[in-house]
Amino acid sequence: NEGRWPFAWNRFISVQLSDPDTFMVNSSRVVGIDGTDGASVSEGFRRGRAESYLLLEIMRERIAGCADARIKALASQLGVRETRRIVGEYRVNVQDVIDGVRYDDTIGLSCYAWDLPDPQRPSDQPMESAKFRPRTEVTAIPYRCMLPQPITNLICPGRMISVERNVLGPLRVMAPCMAMGEAAGVAAAHTVTNNVPFAQVDITALCGTLIDTGAILHVPEDGVS
């Protein structure tokens, strides 16, 4: 683009939405932002919005059909991929994912890819190579990785779970976070009903409740059928 591409990322990602001539552009990757610091997040907003308008200019100039494109809406908040993670009763590691490990306390599954880019080169995927590609297409989520230590009566579903950084790739997105949230909610009900802390919830009963409500906790070893 003859010097017109100043971004840290190098991919243009766009998806047509249900409204005619309306597209979602999911290209911007703002680097160097600390999601735990309000001032840094505000700077991320500023930079992200500025990049959006600059990208619009480039689209109008260089992408067919976009000469009259305009911005209908910008994201209301930053999509922060990672901040803090807990030290849990168990830490899911990269080898677990490669080996397709199943746990006795599996409370959810993810079919998502690694997808955790280099923090400074957001179009680079260090884990997407034959060396790291999982043997199976499913990553299991153990209950224990949501239990922070040494606290006994707290549960932390979502991207703060106890995993090696690169394992966030398949576990940080919405579907597995929804599975973790459902499991945490069911576990909370069990703690109240049985007067026990989260660390002492009956895993068999917990998983039974999840399965009864439609959760998928087990698949054939060769993948999802």
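Hydrophobic clustering (ILVMFWY, side-chain heavy atoms < 4.5 Å, transitive): Met160 and Ile33 are in distinct clusters. No single ILVMFWY cluster, assembled from side-chain heavy atoms under 4.5 Å apart, contains both Leu206 and Leu154. Leu55 and Ile13 are not part of a single hydrophobic cluster, where members link through side-chain heavy atoms under 4.5 Å apart. Residue Val101 is not grouped with residue Tyr112 when hydrophobic side chains (ILVMFWY) are merged at heavy-atom distances under 4.5 angstrom, including chains of intermediate members. No chain of hydrophobic side-chain contacts below 4.5 Å, direct or via other Ile, Leu, Val, Met, Phe, Trp or Tyr residues, connects Val31 to Trp9.
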- Message: Set out, in order, the CA-CA distance, both residues' side-chain angles and the distance that settles salt bridge (charged side-chain N to carboxylate O under 4.0 Å, His left out) for Asp19 and Lys72, then state yes or no.
- Response: CA-CA 12 Å; Asp19 292 341; Lys72 184 175 182 179; 3.6 Å; yes

- Message: Using side-chain contact (heavy atoms from CB on, under 4.5 Å), reason through Ser27 and Ser14 one step at a time and then give a plain yes or no.
- Response: CA-CA 7 Å; Ser27 294; Ser14 179; over 6 Å; no

- Task: Decide side-chain contact (heavy atoms from CB on, under 4.5 Å) for Arg49 and Leu74; before the verdict, give the C-alpha distance in whole Å, the side-chain angles of both, and the deciding distance to 0.1 Å.
- Result: CA-CA 8 Å; Arg49 287 168 176 161; Leu74 292 173; 3.8 Å; yes

- Item | Ser162 vs Arg144, side-chain hydrogen bond (donor to acceptor under 3.5 Å, both in side chains): CA-CA, chis, key distance, verdict | CA-CA 8 Å; Ser162 179; Arg144 290 166 292 162; over 6 Å; no

- Task: Before giving the answer on side-chain contact (heavy atoms from CB on, under 4.5 Å), spell out for Phe7 and Arg29 the whole-Å C-alpha distance, their side-chain angles and the decisive distance to 0.1 Å.
- Result: CA-CA 8 Å; Phe7 310 119; Arg29 302 289 186 269; over 6 Å; no

- Query: Taking it one step at a time, do Val30 and Phe45 satisfy side-chain contact (heavy atoms from CB on, under 4.5 Å)?
  - Reply: CA-CA 9 Å; Val30 182; Phe45 271 111; over 6 Å; no

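Contact annotation: the side chain of Ile161 never approaches that of Arg85 to less than 4.5 Å [non-hydrogen atoms, C-beta and beyond]. Within the 4.5 Å cutoff, no side-chain heavy atoms of Phe23 are placed close to those of Leu17. The shortest distance between side-chain heavy atoms of Arg159 and Val173 does not fall below 4.5 Å. Put simply, the side chain of Pro148 does not reach to within 4.5 Å of the side chain of Val87, judged on heavy atoms. With contacts defined as side-chain heavy-atom distances shorter than 4.5 Å, the pair Asp68/Arg60 does not qualify. The shortest side-chain heavy-atom distance between Leu78 and Val41 falls under the 4.5 Å cut-off. Within the 4.5 Å cutoff, the side chain of Ile141 has heavy atoms near those of the Met180 side chain. In this structure, Leu171 and Thr139 have side chains that are in contact, with non-hydrogen atoms separated by less than 4.5 Å.
Judged purely by atom type and a 3.5 angstrom limit, Arg70 has no side-chain atom pairing as donor or acceptor with the backbone of Leu56. Although no hydrogens or angles enter the test, the distance criterion places no donor-acceptor pair under 3.5 Å between the side chain of Arg84 and the main chain of Thr36. Not a single donor-acceptor pair under 3.5 Å links the side chain of Arg91 to the backbone N or O of Glu164. For Thr106 (side chain) and Tyr103 (main-chain N/O), a donor-acceptor pair under 3.5 Å exists by modelled atom type. The backbone N or O of Phe198 sits less than 3.5 Å from a side-chain atom of Asn153, completing a donor-acceptor pair.
Rounded to the nearest 0.5 Å, atoms CD (Glu182) and SG (Cys177) are 13.5 Å apart. For the atom pair Asp21 CG and Gln16 CD, the distance stands at 7.5 Å (nearest 0.5 Å). The CH2 atom of Trp114 sits 10.0 Å away from atom CG of Leu116, with the distance rounded to the nearest 0.5 Å. Of the inter-residue distances, the one linking Ile211 atom CD1 with Leu217 atom CG reads 4.5 Å to the nearest 0.5 angstrom. A distance of 8.5 Å separates CG of Asp99 from CG of Asn93, quoted to the nearest 0.5 Å.
A donor-acceptor pair shorter than 3.5 Å cannot be found between the side chains of Asp105 and Tyr90. For Thr209 and His190, the side-chain atoms include at least one donor-acceptor pair closer than 3.5 Å. Between the side chains of Asp104 and Tyr143, not a single donor N or O lies within less than 3.5 Å of an accepting N or O.
A salt bridge links Arg165 with Glu82; the closest basic N to acidic carboxylate O contact falls under 4.0 Å. The pair Arg172-Asp115 meets the salt-bridge criterion, since a charged nitrogen lies less than 4.0 angstrom from a carboxylate oxygen. For Arg46 and Glu43, the salt-bridge test passes: some basic side-chain N is under 4.0 Å from an acidic carboxylate O.
In this structure Gln149 satisfies the side-chain hydrogen bond (donor to acceptor under 3.5 Å, both in side chains) test with no other residue, sequence neighbours excluded.
Nearest heavy atom pair, residue Pro170 against residue Pro176, reads O-CG, 3.6 Å. Nearest approach of Ile107 to Cys207, heavy atoms of both residues: CG2-SG, 4.4 Å.
Applying the 6.0 Å contact sphere to CG of Asp212 captures more than 12 heavy atoms from other residues, nucleotides or ligands. The number of heavy-atom neighbours closer than 6.0 Å to CE of Met178, taken from other residues, nucleotides and ligands shown, is 12 or below. No more than 12 heavy atoms of other residues, nucleotides or ligands sit less than 6.0 Å from atom CD1 of Ile216.
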